[in-house]
Amino acid sequence: MSEKFDDVDQLKMWLIKSGIHPATVERFAKDLFENFYNADSSFTEGFRDNELEQIGLPAAAVKQFQRAFPGAGDVRKKREAVVGTIERDKKRQELSKYGVDSFHSPLDTRLPVVFEKERAEPFLAPKNWLSNSAKKVLEQANLEETNNPRVSPIALIRCSRGGKTRSMIELAKEVRSQDSSHGIVYMSFNTDTSLSEKRPIDPTGELCVRIAFAALKSRKHPSDMAGFLKFSGVTRVDKEWVIDWLGNHKCILFIDELNMLQDCIGEDTAVFLKQHFLLPAGRGIVFSSHVASLNHELAEYMSSPSDRKIVTIPLPIIPSLYEARENFDMPDLAVQDALFLGLLPGLIVERKRCRGPTQRRMNAVTTYLGTIRFQMDVHRLLKTLITGDVEGVDTSLQELMDADLKDDGQTMILRWIPFHMEYVIQQIAFNCPYVDDHMRKCLSGVTDLFRQLTGLKWQSGDSWEALFLIVLIVRCLTKSFDSKVVPLGALTSGDTHVDYNRPLNANVDFFQENDPLAFVGGIPLRSWAPAGTPAISIYYPGHARFEDYDIILAFWDSDGKRLLYGYQLKEGSTIPKAFPNNEHFHQSYLIRGAAKERNSSVRLWQSVSDSQLDDFFGVSAVRWSAKHWRKIQQTVGISTS
């Protein structure tokens, strides 16, 4: 970059022309000019990414700045590389002070243990989860690399506080119990051996120093923070040392929270892992992560010369309510609380210990809100409740979700956890300026409905209605119509406006009206949306307690013509006493928690089948449905182990 700037105003004009937002330029140009600009070198010695962040420049603007000044920082980086080499040589001398006998061999390196200040809870997982998962790890470790099959790393992915670390530790011990010929090296970027800076300059070195610390004989215990800080502070461990230490040993490397390197992991680190912990016979890699997108990035770096997949092992949920109550000493654990926490052992234990949401969750949602530019961005996120599509979830929010596999056992999906989804939807409704008033009303309604789930018994009719409504609203907002429960796909085109519990004519009291026909009469006959635009309004007159309908969906086509769809919900298999009002309603549906195998007509109601209902709920909410409530309830007093 050869541009020269005589004053800050010239710099401002250049930054704006380069695509950086004027408001960002106005706020940060002075700092950039005074602290990082040199008239002779034109930024070439003036900055590093983390320094730009330190003055408050947003991450997106940092990237724009880098594009505006290609090559900026090269001279400084070269100078730092020379200085860094001198410093590394000093640390290498420190490492030489440790004799050969200072480190365990890979085979003798100590297994990880659960180390908590509070009493460690029993590990809880479905029967055979540990043994089957260990077999998959060993299968990959013992697999000989060919074009087909390729050796694959193993990934365990779940939200923060979801139980990844505990599962990793138990899995490492189970692998050793099944095959003692492999060395087990467990290292972590979490808690006591966490990174000292967000984007380390040498990610491969960060891996190597933790590998060496795991093998260090003088290490007091796995959570020896003081020992690690002392060791890593004066000792540089390079990959040559690790390669020499590995020798010809069979070894499986367990890396907890590899996602901490996501922003800086590159070809050098990935190739080092591939060549020395993946391809050699008897070697393997198991890593945990908060985010599913790391799988794709790591696979891209490791793929050459052909595709290499990452094998994902879904992490365990509690096998039964009874076992969670017994093992976690939570006799009052309710079905609704377990389901609201996604049946995740880690989150249930956090609730037991009265630990509230973490700052990390708030930061993740704040970061996501900063990425929204259009209402369709929110639509894309909401649709993942149905599809589980990884690409539809911003990386910042992936750490609030649970990774799983489709029925094919290959394709990864993300499942929402009600505890986290409620908070995300609430923050979008309150703080996102890009959603219109109608959508904000819908999202506020979804937030209230989530709270209703935890405030009521999950087997009650009100909870069943609330869950169905959450999915119905999301499907309408995202135009995810189906042919059985929300058959509006053929009737809509282009934009479709959606609202919740409005409009309603002034002569009808939403909370007091007990006559369903009077209530229906209050729903406008003509569309409330702009001319030529379809519209949907979903009404939940919960206080009215209509015998005929629990939920009413009004649809206006592009010509403004109104059609009514009614839903009666039964959490069990009960048949309604009343017949549907086919004079006023275009379709009337019976939604039963204990749905039959086939759809049918019951007293003129269209009864939705079990499989149709599962499809309606989608990959996440199907786990919160009445069918699942009964499954969890039936396990009370029954152990699956």
Side-chain angles (χ1 to χ4, degrees), residues 317-322 324 333-344 385-386 388 402 404 415-419 421-422 445-446 448-475 482 484-486 538 540 542 545-553 565-577 588-600 602-603 605-638 640:
I317 59 177
I318 60 170
S320 72
L321 188 65
Y322 167 75
L333 178 65
V335 175
Q336 63 264 38
D337 290 327
L339 287 166
F340 191 69
L341 297 171
L343 303 176
L344 306 190
L385 175 70
I386 313 298
D402 190 18
D404 206 343
R415 296 188 194 272
W416 280 96
I417 299 164
F419 171 64
M421 187 172 187
E422 177 209 349
V446 168
D448 292 339
L449 291 165
F450 266 120
R451 291 171 181 164
Q452 186 171 316
L453 293 180
T454 55
L456 300 164
K457 292 182 178 180
W458 278 64
Q459 67 269 28
S460 74
D462 288 346
S463 283
W464 181 227
E465 293 164 10
L467 176 60
F468 180 84
L469 263 171
I470 289 171
V471 180
L472 182 64
I473 292 172
V474 168
R475 279 192 172 272
D482 62 9
K484 304 299 181 183
V485 184
V486 203
I538 301 168
Y540 179 45
R545 307 294 180 189
F546 298 153
E547 184 178 2
D548 296 9
Y549 296 98
D550 297 307
I551 298 164
I552 297 171
L553 185 151
Y565 297 80
Y567 301 88
Q568 181 166 157
L569 281 81
K570 301 290 184 182
E571 66 276 11
S573 57
T574 308
I575 296 175
K577 296 179 181 179
S588 297
Y589 295 97
L590 174 60
I591 310 296
R592 293 186 285 186
K596 302 301 181 181
E597 185 176 348
R598 296 182 179 181
N599 62 307
S600 60
V602 179
R603 296 176 68 87
W605 294 90
Q606 296 298 313
S607 180
V608 178
S609 72
D610 181 63
S611 61
Q612 291 169 347
L613 200 53
D614 284 352
D615 290 342
F616 168 80
F617 280 123
V619 300
S620 292
V622 70
R623 280 194 171 182
W624 319 336
S625 67
K627 180 168 64 175
H628 217 80
W629 309 342
R630 286 190 297 277
K631 181 179 177 182
I632 295 299
Q633 284 282 43
Q634 288 167 0
T635 61
V636 176
I638 302 174
T640 62

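For this chain, numbers begin at 1 and follow the sequence in order.
In this structure a side-chain-to-backbone donor-acceptor pair under 3.5 Å is missing from Tyr567 to Leu553. Panel note: side chain Trp416, backbone Ala621; no donor-acceptor pair is recorded below 3.5 Å. A donor-acceptor pair is defined here as one N or O able to donate and one able to accept, closer than 3.5 Å; such a pair exists between the side chain of Arg603 and the backbone of Lys577. The main-chain N or O of Gly342 is never found under 3.5 Å from a side-chain atom of Arg623 such that the two would form a donor-acceptor pair. One N or O on the side chain of Arg475 and one on the backbone of Phe616 form a donor-acceptor pair closer than 3.5 Å. For the pair Glu571 (side chain) and Ala626 (backbone), a donor-acceptor distance under 3.5 Å is absent. Judged by distance alone, the side chain of Gln568 and the main-chain N or O of Asp548 form a donor-acceptor pair under 3.5 Å. In this structure, the side chain of Arg592 engages the main chain of Ser573 through a donor-acceptor pair within 3.5 Å.
Here the side chains of Ile575 and Leu590 are not in contact, with every heavy-atom distance at 4.5 Å or above. The closest side-chain heavy-atom distance from His628 to Val622 is not below 4.5 Å. For the pair Leu344/Ile317, a side-chain contact is recorded, criterion being any heavy-atom separation below 4.5 Å from C-beta on.
Atom CD in Glu465 sits 9.0 Å away from atom NZ in Lys570 (nearest 0.5 Å). For the atom pair CZ (Phe419) and CG (Leu339), the distance works out to 15.0 Å, reported to the nearest 0.5 Å. Between atom CH2 of residue Trp464 and atom CG of residue Asp550 there is a gap of 11.5 Å, rounded to the nearest 0.5 Å. Atom CD1 of Ile591 sits about 6.0 Å away from atom CG of Leu613, to the nearest 0.5 Å. Atom OH of residue Tyr549 and atom CG of residue Leu569 lie 13.0 Å apart, to the nearest 0.5 angstrom. Considering CZ of Phe340 and CG of Leu453, their distance stands at 7.5 Å, rounded to 0.5 Å.
Residue Val608 comes nearest to Val485 through the heavy atom pair CG1-CG2, 4.0 Å, listed as atom of the first residue, atom of the second, then distance. The minimum heavy-atom distance between Ser609 and Asn599, with the atom names listed, is CB-N, 3.3 Å. Of all heavy-atom pairs between Asp482 and Val486, the closest is OD1-N, 2.6 Å. Scanning all heavy atoms of the two residues, the minimum distance from Ala324 to Ile318 falls at CB-CD1, 3.9 Å. Annotation for Pro418 and Trp624: closest pair CG-CE2, 3.4 Å, computed over non-hydrogen atoms.
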*Given the rule in the side-chain contact (heavy atoms from CB on, under 4.5 Å) test, do Ile473 and Leu449 qualify, once you have shown the distances and angles that lead to the verdict?*
CA-CA 11 Å; Ile473 292 172; Leu449 291 165; 4.0 Å; yes
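Ring geometry for Tyr565 versus Tyr589: interplanar angle under 30°, hence parallel rather than tilted (30 to 60°).
Between Asp614 and Lys627, at least one side-chain nitrogen of the basic residue sits less than 4.0 Å from a carboxylate oxygen of the acidic one, meeting the salt-bridge criterion.
Asp448 is linked by a salt bridge (charged side-chain N to carboxylate O under 4.0 Å, His left out) to Arg451, counting only residues two or more places apart in sequence or in another chain.
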